[in-house]
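Comments concern the structure below.
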Amino acid sequence: MSEEHRETGTGWPQPAEPGRPSGPAGEPDPRPDAPDPDELSPLAPVEPAAPEQEGVPEPAEEPGASAAGAKPAPVSRRLTSAGAMIAVLLALLGFTLVVQLKTTSTDPTLAATREEDLVRISSDLDSRERRLRQDIEALEESQRQLRSGEQGRQAALEEATRRADELGILAGTLPAVGPGLSVRFEGPDKAVEAERILDAVQELRGAGAEAMQIAGADGTAVRIIASTYFVDASGGGLVVDGRRLSGPYVISVIGDPATLRTALNIPGGVVASVEEAGGNVTPVDSEAVEVSQLHAPIKLEHARPVS
């Protein structure tokens, strides 16, 4: 029989009870109502054999038993998972604090400002932006008005200059050049007398002449304006605005050549009357007739512009 069984006296081997020595001294009473041997023999108690005793196996640890201070494995695993979750939460909290500190550290004044003050500052900034935009619009409008006024002044100046040039040409104070006719009058004094020359000037004015001058045989020229007069000189010739001229005479006129020619050649007109008196009128077209003789400005003594 092996060492793991012992004789019970009943004929059936019984496994050795852990913690007890093998042999007759350590056998328990098989009877149910048998007293405990330890109580019957207090003077000679039976001590269990030491675990180091040869041939006796060490008692197995009960499932629920554990050494003092040792932790069961499931509890350790639960504690490890909870620690990991706590570590993750702490990391997230630290990251959030760092981001918030970086955001608020850029402006320490705003970081210490209350929410009501921040709302007021934002409202003030919006109001200032609106005022600045209104100022910009006002300045742009002033710029447009100045540009418009400058353009208007420039246009008025150009118009005044053009008008002054026209009046200067009509008044004979400015020279002029342009297309027109050179009309030559020749013949006896009766054919080219002052009356016929004045009729020719009137016909040319009515046909749109813009500038005229008359020159004598010696080259003396007089600018013809609204106040020019013609008088027959004694002994022959003409007096034009106080200057004596001798024939033949040449009138230089600026205007439309065809219209001017038609005005001279109307039936019973200038050409016809001069030819009847034995004279001759010869108009010559020109693309650049020069009227260079100037008239002294007339000083007005009584007339004033109407305000």
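Everything quoted here is computed from the prediction, not taken from an experiment.
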- Item | Nearest-0.5 Å distance, CD of residue Gln202 to CG of residue Leu198 | 5.0 Å
- Item | For the student: nearest non-hydrogen atoms of Thr282 and Asn280, plus distance | OG1-ND2, 3.6 Å
- Message: Please enumerate all residues that pass salt bridge (Lys or Arg N to Asp or Glu O under 4.0 Å) together with Arg162, with sequence neighbours excluded.
- Response: Glu159, Glu166
- Nearest 0.5 Å please: distance from the OG1 atom of Thr161 over to the CG atom of Leu157. 4.5 Å
- Starting at CD1 of Ile251, measure out to CD1 of Ile214 and round the result to the nearest 0.5 Å. 4.5 Å
- Item | Atom of Ile225, atom of Leu170 and distance for their closest heavy-atom approach | CG2-O, 3.8 Å
- Message: Measuring from atom CG of Asp256 to atom CG of Leu181, what distance do you get when rounded to the nearest 0.5 angstrom?
- Response: 8.5 Å
- Using a 4.5 Å cut-off on heavy atoms from C-beta on, say whether the side chain of Ile298 contacts that of Ser227. yes
- For residues Asp232 and Ala194, report the shortest heavy-atom separation together with the two atoms involved. OD1-N, 2.6 Å
- Message: To the nearest 0.5 Å, what is the distance between CG on Asp126 and CZ on Arg128?
- Response: 11.0 Å
- Query: Is there a path from Val270 to Leu245 through hydrophobic residues (I, L, V, M, F, W, Y) whose side chains come within less than 4.5 Å of each other?
  - Reply: yes
- Task: Could I get the full list of salt bridge (Lys or Arg N to Asp or Glu O under 4.0 Å) partners for Glu141, not counting sequence neighbours?
- Result: Arg144
- Query: What distance do His295 atom NE2 and Asp241 atom CG have between them, rounded to the nearest 0.5 Å?
  - Reply: 4.5 Å
- Short question: side chain of Thr259, backbone of Ala207 - any donor-acceptor pair under 3.5 Å? no
- Counting distance only, does the side-chain N/O of Gln293 pair as donor-acceptor with the main-chain N or O of Gln213 below 3.5 Å? no
- Item | Side-chain heavy atoms of Leu125 within contact of Glu129, under 4.5 Å | no
- Mind checking whether Val192 and Val183 sit in one hydrophobic cluster, side chains of I, L, V, M, F, W, Y counted as touching below 4.5 Å? yes
- Query: What pair of heavy atoms forms the shortest contact from Met212 to Arg223, and how long is it?
  - Reply: O-CD, 3.4 Å
- Query: Can you find a heavy atom in the side chain of Val291 that is under 4.5 Å from one in the side chain of Glu210?
  - Reply: no
- Item | Shortest non-hydrogen contact from Gly236 toward Arg244 | O-NH2, 2.8 Å
- Query: Which heavy-atom pair separates Ser182 from Ser252 by the least distance, and what is that distance?
  - Reply: OG-OG, 4.4 Å
- Checking side chain to side chain contact (heavy atoms under 4.5 Å, CB included) against Val240, which of Tyr249, Phe230, Tyr229 comes through? Phe230
- Item | Val289 side chain reached by Val253 side chain, heavy atoms, under 4.5 Å | no
- Item | Transitive ILVMFWY side-chain link Val201 to Val250, under 4.5 Å | no
- Message: Is there a continuous path of hydrophobic side-chain contacts, each under 4.5 Å between heavy atoms, that joins Val281 to Leu204?
- Response: yes
